[in-house]
Every structure is written in C-alpha cells, then in structure tokens.
Colleague: 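Here you go, one structure.
In what follows, chains carry the letters A, B, and so on, assigned in the order in which the sequence lines appear, proteins first and then strands, with residues in each chain numbered from 1. Fair warning: this is a prediction, and the values are worked out from it, not measured in the lab. Just so you know, these numbers use all the heavy atoms, side chains as well, and skip hydrogens, waters and symmetry mates.
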Amino acid sequence: MEGLTLSDAEQKYYSDLFSYCDIESTKKVSANGRVLELFRAAQLPNDVVLQIMQLCGAKRLGYFGRSQFYIALKLVAVAQSGFPLRVESINTVKDLPLPRFVASKNEQESRHAASYSSDSENQGSYSGVIPPPPGRGQVKKGSISHDTVQPRTSADQQEPASPVVSPQQSPPASPHTWRKHSRHPSGGNSERPLAGPGPFWAPFGEAQSGSSAGDAVWSGHSPPPPQENWVSFADTPPTSTLLTMHPASVQDQTTVRTVASATTANEIRRQSSSYDDPWKITDEQRQYYVNQFKTIQPDLNGFIPGSAAKEFFTKSKLPILELSHIWELSDFDKDGALTLDEFCAAFHLVVARKNGYDLPEKLPESLMPKLIDLEDSADVGDQPGEVGYSGSPAEAPPSKSPSMPSLNQTWPELNQSSEDTAIVHPVPIRMTPSKIHMQEMELKRTGSDHANPTSPLLVKTSDLSEENKINSSVKFASGNTVDGYSSSDSFTSDPEQIGNNVTRQRSHSGTSPDNTAPPPPPPRPQPSHSRSSSLDMNRTFSVTTGQQQAGVVAQPPAVPPRPQPSQAPGPVVHRPVDADGLITHTSTSPQQIPEQPNFADFSQFEVFAASNVNEEQDDEAEKHPEVLPVEKASDPASSLRVAKTDSKMEEKTAASAPANVSKGTTPLAPPPKPVRRRLKSEDELRPEVDEHTQKTGVLAAVLASQPSIPRSVGKDKKAIQASIRRNKETNTVLARLNSELQQQLKDVLEERISLEVQLEQLRPFSHL
Amino acid sequence: MAVCVAVIAKENYPLYIRSVPTESELKFHYMVHTSLDVVDEKISAMGKALVDQRELYLGLLYPTEDYKVYGYVTNSKVKFVMVVDSSNTALRDNEIRSMFRKLHNSYTDVMCNPFYNPGDRIQSRAFDSMVTSMMVQVC
C-alpha cells in the first residue's frame, strides 16, 4: 500500500475522525461500530464499504490503525466522488473533496470541510505499511457486538430529539450523528462509557453477525428514535424531516447533552433489565405501536386488514421479501389480518430490521401475541435471535391462550396426524360384504375432510339399509366385531335389524291368541317393538290386494310353502264355527311362523273355496248367519262376505274342471281374487289393528269354519296362476294330440274302408 | 420423502420448484414439465362435474422406472407436483396425500401474506422449511 498523501485539511479532518473513532485511545480503531457507522454515514453501498475496508487493509489487520483509517477515509472520498476504488486512486486523485458523512452532520461536516479545505494539501506524513492482521471476521464481530451493546442499551428511552451527541466528543469534531434517516447512532455514542455490557451482547452479536457486516452496524440503533423517524416517514418523506430535525438538535447541544445524560441513566437501568431479551418491547415502544395501530384501526380489539398493513409497512422501505417474512412471523393465526399484538410484533420486527437485527426464523417469544407486557415478563434467557416457543410468559394472555401458538403451529400437523391415524388406522377386514362396506364408508368419511359429514353418513345408512334387507343376524355378528369406528354403524343398524326381526316375530305374534280380543295388543318384549308396531307396518298390512305383497315383502327370503301340499293338511283342520276355529286357525298359523302368517288365512281360504265346491251353499249360509252375529257392524265386511259368497256361487256354477285344485284355483282367479285377498289381509291385520278387528272377526269366523290350512295368500295366488298356466298348456297339448289322433283315426278308417272295398272286389273271385 | 417438489401456477409456469440437489436436477424439471400435460388431462377429464366435486388429489400421474410423479391441483388451478423415488415402496398413498395437504396449507399461508403477489415466485422461508421437511434428507 503506497503512502498516503493527505492535504492538511484532510489530515486534520482525518485525525479528528480518528480520534472520534478511537475510543480507547489506543491509536488503533477496531472495526467497531463507530467506524462502521462512519462509513455507513458515507452513504456508500455496502459492497463499496467492504471494498474500502479490504483495500485499506483493516480487514487484514483486524482493526483500523491510523494509517488504515486514513486510507479508508480517503477511499471514501474517492468513492463519493465517483471514482473507481483503487489503491492507486488514493494518491492519484487530486483535489478530492473530503469524504462526506451523511445526515445530521452534513451541515457540521460541511462547515468542517470548509474549514479544512482551506488548507493546502499536504503530503502524507506516514506510509501505510500494514502487517498482516489476524482474522478480521472475529474482530468485526466483536465490534459488532460492541456496537450492538451500546445502541441496544441506549435504545430504551424515548428521545424526542433523535440525534444524541455524546458528551465526550468535542463539539466541532463531533460528526457523530451518523444519521441516516431512521438511524440513531448517537444513542450508541452515549453508551461509550457503558462499554461494560459489551460482553453480554457478544453472544447476541455473534449470532447476529451472520448477516452482512454492514447490517450489523445498525444493530446499535434503538427502536424508539426510529419511531420518531417513523412518524415522519409514515407521514412524509423521511429524509427531509430528519434533516430538518438534525440541525436543530445539533445546534442545541446542551439540551442534547442533558438528554444524553438522561439517556445514559436510562440506558444503564434498561440495560440490566433487558439485555437478555433483545426482542422485548418496552413500554414506550409499545405505546408507540399502539398509537400507530390506532391510526389505522381505532378499535384496539379489532384487526388491521392485510392490505392496510401492507401499505403501512411498505413505508418502512424494507424490501418486500423481508416484509413478507416479517408478516409470516407476526401473523400468528394466519388469518391475513393483524391484531394489536400481532401488529406490535410486526412493528417491532420491522424496527429491529431497520436497525440491523436479523430477522429470526421463528417468532421470538417476547413478540408472541399472547404477551401483554414486557418488562416484567419472564426472561427467556440468552437466545439472541432464535427465541423459540419455549417457556411461558408470566402475564396472563389477553385473548390468546398460551397453548394457542402451539395449537396454531401444530394445527396442520394435528389435522394431518389425526387424519393419518384415521386413515391408517387398521380396520379389521373380513371378507364379508358388510366389512368391505364398512371400510369403504370409513375411507369415504376420512378421505373427505371437507366433505359433508352427512353425505358419508347417508351413504352409510343406505348401505346399512341394504344390509338389513339382505340378511340381518349374520351381518350383525360380523358388524359387531368391527373396530369401534364402524361399530357405531353396526349399532345403528342394530335397531333397524332388530326391528325387522321383531317385526316378523311380531307379525307372528300378531296371530297369537290375542287376536280374539281386539284392544290389547300382544306383548311386545323387544324394545324396538314400538318401531315394528309403527303405522308403517300396520299400513302395509292394511293395504289390500297388491299391497299385500308388500306386506309380505317384509319377509322376502322365506318362501312360503306351496299351497298344494298344504292343502292336504287343509281338510284335516276341522271347521268349528266358533272360537275353536279361531284358535285352531291361529294355532296353525303360528306354525308357519317363519314368515307367512298369511298362510293360514290363505290356505283356509282355499280350503274354504275348495270346501265351497264340495259343500253346499248351506254351509256358507250357516256361516253367514254365524258371521253376522259375530260381526259387530261392518258393511264392508258384509259386502265382502256377500261378494265372497257370490264368488263362491260363481265358482260352483263355473266349476267344470275335475280337479279340486283347479277348482280351487279358478275361484281364486282374478275376479274374486281382490275380494278374497282383501279379506285375508284383513284377517291378518286383525291382531295388529283394532279397527280391523271387526272384519277380521268376520273373517275369522268364516275361516274358522274352514279347515285351516296354512297357506300364504301370495303363495297361493302364484301357485294358482302357475297351475292355471300349466293346465292351459296341458289343454293345448291334449287338444293337439287329440286332433292328431283324430286325424290318424280318419286315415286309418279310410284305409279300412279301402281295404274292405278291395276285399269285396276280391270276394267274388274267392267264390270261384 | 419427495425428491422434487414443484408448485405450478395456473398458467403453467413454476412458482416454486425445488429438488434434492443432485446432478440430475434438470431431469426432475423435465419430468415436472411433462407431468403438467397429464395434470391437464386429468382435470379436463372430470371437467363435466363441478369443480368442487372434483377431487384435489390426482394421484399417480405417471411412473417411470426410477421415479413416480404425483399430482395435486387446487381449486384455483394451482398445481403441486411431487416426484418420489420409486424405490421408496413404503410410501403409501395416504402419506402422499398428507404431504400434499401440508403443501396446500403452506401455500395458503403464503397466499394470505399481503406482501405476496399472486404470481410471484414463492420465497417464503416457512414454505421452504416445510418443503425441506418433506424432501429426502440427503447427507
């Protein structure tokens, strides 16, 4: 490094600066914040500053010796003049203006510069021989930490006059107010005597020094003063107001001094309490933040929408990326709006960032929304910028519970974990349709997080209903063995299936001896009996004719015995007219408990019909008068009876078929069928519905006279139809056969005739 | 564990793409790019039904011998594509779904940020850290 030639003015200026920077008066200026502040104030880009430092050798040295410092200052001047930074340019560039250091000191500097520039240029008094220094990095860090300490501790008081001039510095050579807009170096300056806290900040500083060195410079700045600036920048262009502020402050050094002293005192106090939590918000800061919040959102419990917050924080001139990160940190509940706490946290982060603090990866605990107050909050300990969600604040959370952050943070995981467990949860699968059904339904349910909970349930219920229809008991057992998740399904299906079972049983019980007495229904042991006794069932049974099929459909699987075989036992049944018949009737009916209580009626009917064929009208006549008294008062019943008798009459008259069966079936042909069936249905309903008791009583009386053959109405109808079909087929076949035979007969007869003729023709010959 | 995660905007340009640092990163980029066709095909296939009835998880888009590509599309036609190592047989469909769900949640968080302009590249650190947690941990 060649020798530095300095003019006198430069020399004087530089020496002043050096003495300013040389805090410990060791003729060596460590690359601490003061120097960095100085360079910062030169308003040079970061890389230029770094380059300057490298060039001047302080990087190698690890500190700024006087020569390095002078070189650096010269380089600053070079850079500010727009010349490329070269080592040679130090001496080659002539008539360099003195390096300018910005902001508040501008006027001051200009004055100084003016005074200095009057001198003629001098040759440099020394040459720069710089021994290779130790690693600069650590020194830098140390300086950073030192810097960090000072401003941090000085930060906490509120200073109406933003620039603070250190009392130690001589007024003329005190271009300390390295002020850029929103910078507050002098707070750090005043902290010089309080170099003690330096070591405390070391870890914090080191943690922070990950950022560029330039940024670290600003760690020394306290938030409150920037707040003042923020007031300005929030409302008006910052620099102008700052500059206007500064001259006033600079002028009034005495007041500044007093403020500085107060600052010092405050800082000493603050220092002790806040050094362990760099992210703590002080009262003044908090108040300031709250006031700012109010300007946007008067209601302190309300939210600031994202767009308003965006505008507000954009004014801080931080890069959008950093603002975005700050937002991510501070919007705790991820709702796109800021509550008061969130807003304060965001503001604090922005302030810190402006001052050079690195943004943490996670929100520091002191900034978490649950915190109300700060000073008395439990210190989390030395976690410089990486305070996690550890510990708990001393104060009670205002609106958000302490568990909220963890809740919020783990909420997505919780969601997924629960879903995972639900999905992954092993569902015992058995290769039965019900199982697969259950599992499918479960997957549907868990898979659709956002889907309606009702829709899978609906699917489930439909599936269950299908299951019910298929087969109940077996599925029941299997369903119960499913894991708890689907067991609820099986449980819900239970009553339905039970109901079905009970219904069937009930229908059987319906034909129990109770049917004689209309009012009291048969005993209903099953709890779901009420369901089975629902009007639906009654209604289905009450519906006539075709509906009877539906009523029977309740017991679809069991196929009732065919009417023909049952007809055999049919006649066995006696036919007493009175209750005995009823009893027998009912006694037989329970035999077919399986599913077809109607069997009894139907078969009886058939027998009745059959017997009608055999019997004379007198029987019916007998029954009719019997029925009449039995019957309470039912015109329809009587009409039915009449109709029945008429049908019977028709049967008799129309009877031509030899077989009883056919006879029995024909009367059951469509025309009388409706009537008959209706009667039968009524008979069935008898035990279940009181209102039908009269008709059923009639029927019972009627049927009692008949041999009670267990039949089911539907079965008989079908059987009859089948038999009819068969008979018809047989008829046709026989008819065809008959015709063929006739034809053959004809042929044969013709042959015979022809043969006879021949014989006769031949007979005379035989005579011969 | 994914090998490559990509977030594609509606106009089919990448908002975020990150791979396990290997030398064949470009190959992953190509795979993601070609899988977009499959995604479009799948979206249009169920285009008859209403959008909200459409399932967001698209499933396996296409398998290669080394890798499998899974897709997921949001209701705003933002697509997530994930490339997974085929050798990782233990990776179940449900796990892939949960990974996509996490991606979706993080993506919505990014969108909620007023400083994020839709259409910008995603530079959120939180999103990065979440994706890192899903990526294969390459030492």
Side-chain angles (χ1 to χ4, degrees), chain A residues 303-314 316 318-338 346 350 358-363 408-425 443-444 446-452 455, chain B residues 1-2 7 15-16 46 49-59 70 72-76 80 82 90-134:
Chain A
F303 291 91
I304 289 186
S307 49
K310 175 178 178 177
E311 288 172 25
F312 181 80
F313 287 116
T314 310
S316 71
L318 280 181
I320 294 286
L321 183 58
E322 297 188 8
L323 288 173
S324 169
H325 186 64
I326 288 174
W327 175 276
E328 276 180 6
L329 291 176
S330 57
D331 186 9
F332 211 65
D333 44 7
K334 303 281 179 232
D335 58 355
L338 296 181
V350 173
D358 277 339
L359 289 179
E361 286 300 318
K362 286 198 178 124
L363 191 66
N408 271 347
Q409 291 307 313
T410 59
W411 182 243
E413 285 79 16
L414 273 178
N415 257 341
Q416 292 147 15
S417 64
S418 65
E419 288 157 1
D420 282 341
T421 52
I423 292 177
V424 176
H425 183 79
L443 277 179
K444 257 187 258 179
T446 54
S448 62
D449 307 328
H450 324 287
N452 247 341
S455 50
Chain B
M1 290 291 119
V7 178
L15 294 176
Y16 180 89
M46 27 182 165
L50 292 173
V51 172
D52 32 274
Q53 291 174 10
R54 177 163 55 83
E55 165 118 6
L56 302 183
Y57 176 70
L58 300 176
Y70 291 90
Y72 183 100
V73 64
T74 69
N75 285 325
S76 54
F80 301 119
M82 186 187 318
L91 211 55
R92 295 167 55 177
D93 191 62
N94 292 328
E95 293 178 16
I96 305 279
R97 281 182 195 260
S98 71
M99 285 161 84
F100 274 125
R101 206 170 303 118
K102 277 199 284 187
L103 265 176
H104 198 170
N105 287 337
S106 298
Y107 177 72
T108 52
D109 288 342
V110 168
M111 293 297 279
C112 283
N113 191 331
F115 298 101
Y116 172 78
N117 301 316
D120 291 350
R121 296 193 69 94
I122 296 178
Q123 283 152 325
S124 149
R125 290 188 223 175
F127 193 82
D128 279 341
S129 62
M130 190 275 309
V131 170
T132 309
S133 72
M134 283 175 24

Colleague: Give the member of C112(B), S106(B), S129(B) that has the highest number of heavy-atom pairs under 4.5 Å with chain A.
Modeller: C112(B)
Colleague: Which bit of D120(B) comes within less than 4.5 Å of chain A, counting heavy atoms only: side chain, backbone, both or neither?
Modeller: neither
Colleague: Do the rings of W327(A) and F115(B) sit parallel, tilted or perpendicular, given the 30° and 60° boundaries?
Modeller: perpendicular
Colleague: Using ring centroids (six-membered ring only for Trp), state whether Y16(B) and Y107(B) fall under 6.0 Å.
Modeller: no
Colleague: Can you find a heavy atom in the side chain of T74(B) that is under 4.5 Å from one in the side chain of H104(B)?
Modeller: yes
Colleague: From D331(A) CG over to I304(A) CD1, what is the distance, rounded to the nearest 0.5 angstrom?
Modeller: 11.5 Å
Colleague: Is it the backbone or the side chain of L321(A) that comes under 4.5 Å from a heavy atom of chain B, or both, or neither?
Modeller: side chain
Colleague: Among S307(A), G336(A), S324(A), which has the most heavy-atom pairs under 4.5 Å with chain B?
Modeller: S324(A)
